[in-house]
Amino acid sequence: MDQPQPRAAAVTLTLLRRAEHVLFVALLLVGAVRAARSGRPPVGVLITAATAVALWYLLGVVLARRARRPVVAGLWFAGLTAGWIGLTALSVDFVWLAFALFLLAMQLLPPLLGPLVVAGLAAVAVAAFSAHEGRLSLPAVLGPVIGAGVAIVIMTVYRDLRQQNELSARLLADLTAAQGELAAAQRRAGTLAERERLAGEIHDTVAQSLSTIVLLVKSTAGRWPDAPAAAHRQLDAAVDAAQSALEDTRRLIRALTPAPLAGRPLTEALGHLVDDSRRLGLDARLTVDGLPYALPTPVEVALLRAGQEAVANVRAHAAADRVDLTLTFLPGAVSLDVVDNGRGFDPDQPLSSTTGTGLGLATMRRRLAAVGGTLVVESAPGQGTAISAAIPTEGEPS
C-alpha cells in the first residue's frame with residue numbers, strides 16, 4: 001500500500017496555506033511601514049485601519065478551523081475586501097495586498113465566481129494606482145493584471161491538488177477497510193473450509209468405523225442365539241456404546257457444518273439476509289424460482305457469500321431503497337441474482353469515491369470460480385445494478 005504520495009500532497013497543501021498567511025502579513029506590514037514613512041495618512045488612523053484588517057484576517061483563520069461554510073467564508077472575504085479598499089484609499093502602498101486577496105478569492109469562492117472576483121479586484125487595484133498617481137500608467141495596469149493571472153494559475157493547481165488529495169485519502173480509507181474485510185473474509189473462508197474438511201474426514205473414518213462396528217456386533221449376536229445370557233448382555237452393551245458414540249460423532253459433524261448454513265437450507269439463510277436488510281431500512285425481497293434441490297455445501301456457501309457481499313455493497317455504495325434477490329434452481333445449474341435501483345456505476349471502472357474499491361466484486365469472482373461458477377455484473381450510472389452469480393450443479397429438481 002503506497003501511502004507516501006497522499007502524505008506528501010497533504011504536506012504541500014499545508015505549506016501553501018501557511019505561505020498565504022505569511023504573504024498577507026508581510027504585504028500588510030510592508031504597506032504599513034511604507035505608508036508611515038510617507039507621512040501622508042495620520043499615523044493613528046493608519047495603525048487603527050491596519051490593525052482592524054489584521055484582526056479580521058485572524059478571525060477568518062479561526063473560523064476556517066471551526067466551521068467550513070461557504071456563506072461564512074464569502075461574508076468574511078467581503079469584509080476583508082472592504083478593509084483592503086479602505087487601506088488603499090489611505091495609501092497606495094497597500095495596493096499590493098491585492099495579490100493575497102487574489103489567492104483567497106480563488107480558494108474560497110466557487111470555480112466560476114473566483115476568476116470574476118479576481119478580475120474585479122485587479123480593476124480596483126489599477127484604479128487605486130491611477131487615483132493616487134493622478135494618471136494611468138502601464139506599470140499600474142501590468143502589475144495587478146499579471147498578479148491576477150499568476151494567482152489564478154496557482155490556485156487552480158492548488159484546488160486540483162486538494163481534490164486529488166481528498167480523493168486519495170478516501171480511496172486509501174476504502175482500501176484499508178476493504179483489506180480488513182478481505183482478511184476477515186479469508187479467515188472465515190479458511191475456518192469454513194477447515195470445518196468442512198474435518199466433517200468429511202470424521203464422516204469417512206470414525207463415523208463409518210462406528211457404523212461398521214454396530215453392524216458387526218449385531219450380526220455376531222444373531223449368529224449365536226444359544227450363547228450365555230451374560231454374553232448377550234455384553235454384546236448389547238457394546239452395541240449401545242457404539243451407537244452412542246456414532247450419535248455423538250454425527251452431532252459433531254453437524255456442528256462442523258458452515259455456520260451461516262448450520263441447520264437451515266440456503267433459502268432460509270438468504271431469507272435471514274433479507275430480513276436483516278429490511279431492519280436497516282432497505283426494501284429487500286427474496287424470490288425462489290424452480291424446485292429447490294440439495295446443493296453441495298461449497299456451492300451453498302459461495303452463493304450465500306455472494307449474496308451477502310452484493311447486499312452489503314448496495315447498502316454501502318448504491319444509495320438504493322430497494323433490492324431484489326432471486327434464487328433460481330435449474331437442471332444442472334443454480335443462480336442468484338441481486339438487483340437494486342441505486343445510482344449504478346461503470347463496471348469497467350468500479351474504483352471510485354462512491355462505488356468503493358472493487359475488491360468485493362473480485363472476491364466474489366474468486367469464490368465462485370473455486371466452485372466452477374461465474375459472476376456477471378450489469379450496471380450503468382443512474383440505472384441501478386444487477387449482479388448474477390451462477391454455478392453449474394449435478395442436481396435435478398425433485
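Computation of the quantities below employed the complete heavy-atom set of this structure, encompassing side-chain atoms and omitting hydrogens, waters and symmetry-equivalent molecules. The first residue of the sequence shown is numbered 1, and numbering continues consecutively from there.
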Taking C-beta and beyond as the side chain, do [X] and [Y] meet within less than 4.5 Å on heavy atoms?
X      : Y      : value
Leu28  : Val25  : no
Leu368 : Thr374 : no
Val334 : Leu303 : yes
Val150 : Phe102 : no
Leu80  : Leu101 : yes
Val323 : Leu282 : yes
Tyr293 : Thr393 : yes
Val376 : Glu378 : yes

Hey, quick one: are [X] and [Y] part of the same hydrophobic cluster, counting side-chain heavy atoms closer than 4.5 Å, chains of contacts allowed?
X      : Y      : result
Leu97  : Val33  : no
Leu113 : Val118 : yes
Leu23  : Val117 : yes
Leu58  : Leu103 : no
Val61  : Met106 : yes

Would you say the side-chain atoms of [X] pair up with the backbone N or O of [Y], donor to acceptor, closer than 3.5 Å?
X      : Y      : value
Trp56  : Gly83  : no
Thr51  : Thr48  : no
Ser379 : Gly384 : yes
Ser277 : Leu273 : yes
Asp283 : Asp321 : no
His132 : Thr88  : yes

To the nearest 0.5 Å, how far apart are [atom1] in [X] and [atom2] in [Y]?
X      : Y      : atom1 : atom2 : result
His272 : Leu304 : NE2   : CG    : 11.0 Å
Leu172 : Arg170 : CG    : CZ    : 12.0 Å
Gln308 : Asp276 : CD    : CG    : 9.5 Å
Ile387 : Asn313 : CD1   : CG    : 6.5 Å
Leu87  : Leu46  : CG    : CG    : 8.0 Å
Asp337 : Thr326 : CG    : OG1   : 5.5 Å

Check: Can you check side chain to side chain contact (heavy atoms under 4.5 Å, CB included) on Phe329 and Val288, steps first, answer last?
Finding: CA-CA 8 Å; Phe329 290 87; Val288 179; 4.0 Å; yes
Next item on the list: Determine, step by step, whether Arg322 and Asp324 satisfy the side chain to side chain contact (heavy atoms under 4.5 Å, CB included) criterion, reporting the C-alpha distance in whole Å, the side-chain angles of both residues, the deciding distance to 0.1 Å, and the verdict.
Entry: CA-CA 7 Å; Arg322 177 172 175 175; Asp324 292 286; 3.1 Å; yes
Item checked: Those residues that, when tested against Asp93, pass salt bridge (charged side-chain N to carboxylate O under 4.0 Å, His left out) (two or more places apart) -> Arg34
Check: Among Phe24, Trp84, Phe94, which residue meets the side-chain contact (heavy atoms from CB on, under 4.5 Å) test with Val53?
Finding: Phe24
Would you name the heavy atoms of [X] and [Y] that are closest together and state the gap between them?
X      : Y      : result
Arg285 : Arg278 : CA-NH2, 4.0 Å
Ile152 : Thr156 : O-OG1, 2.6 Å
Leu270 : Leu336 : CD1-CD1, 4.0 Å
Pro144 : Ala122 : CB-O, 3.9 Å
Ala310 : Met364 : N-SD, 4.2 Å
Ala105 : Phe77  : CB-CZ, 3.5 Å

Notebook entry, point to check: If we ignore angles and hydrogens, is there a donor and acceptor under 3.5 Å between the side chains of Ser130 and Arg135?
Noted result: no
Check: Which is it for Leu104 and Trp76 under the side chain to side chain contact (heavy atoms under 4.5 Å, CB included) test, yes or no, and what are the steps along the way?
Finding: CA-CA 11 Å; Leu104 289 171; Trp76 172 81; 4.1 Å; yes
Checklist line | Worked verdict on Val30 versus Leu27 for side chain to side chain contact (heavy atoms under 4.5 Å, CB included) | finding: CA-CA 5 Å; Val30 169; Leu27 291 176; 5.7 Å; no
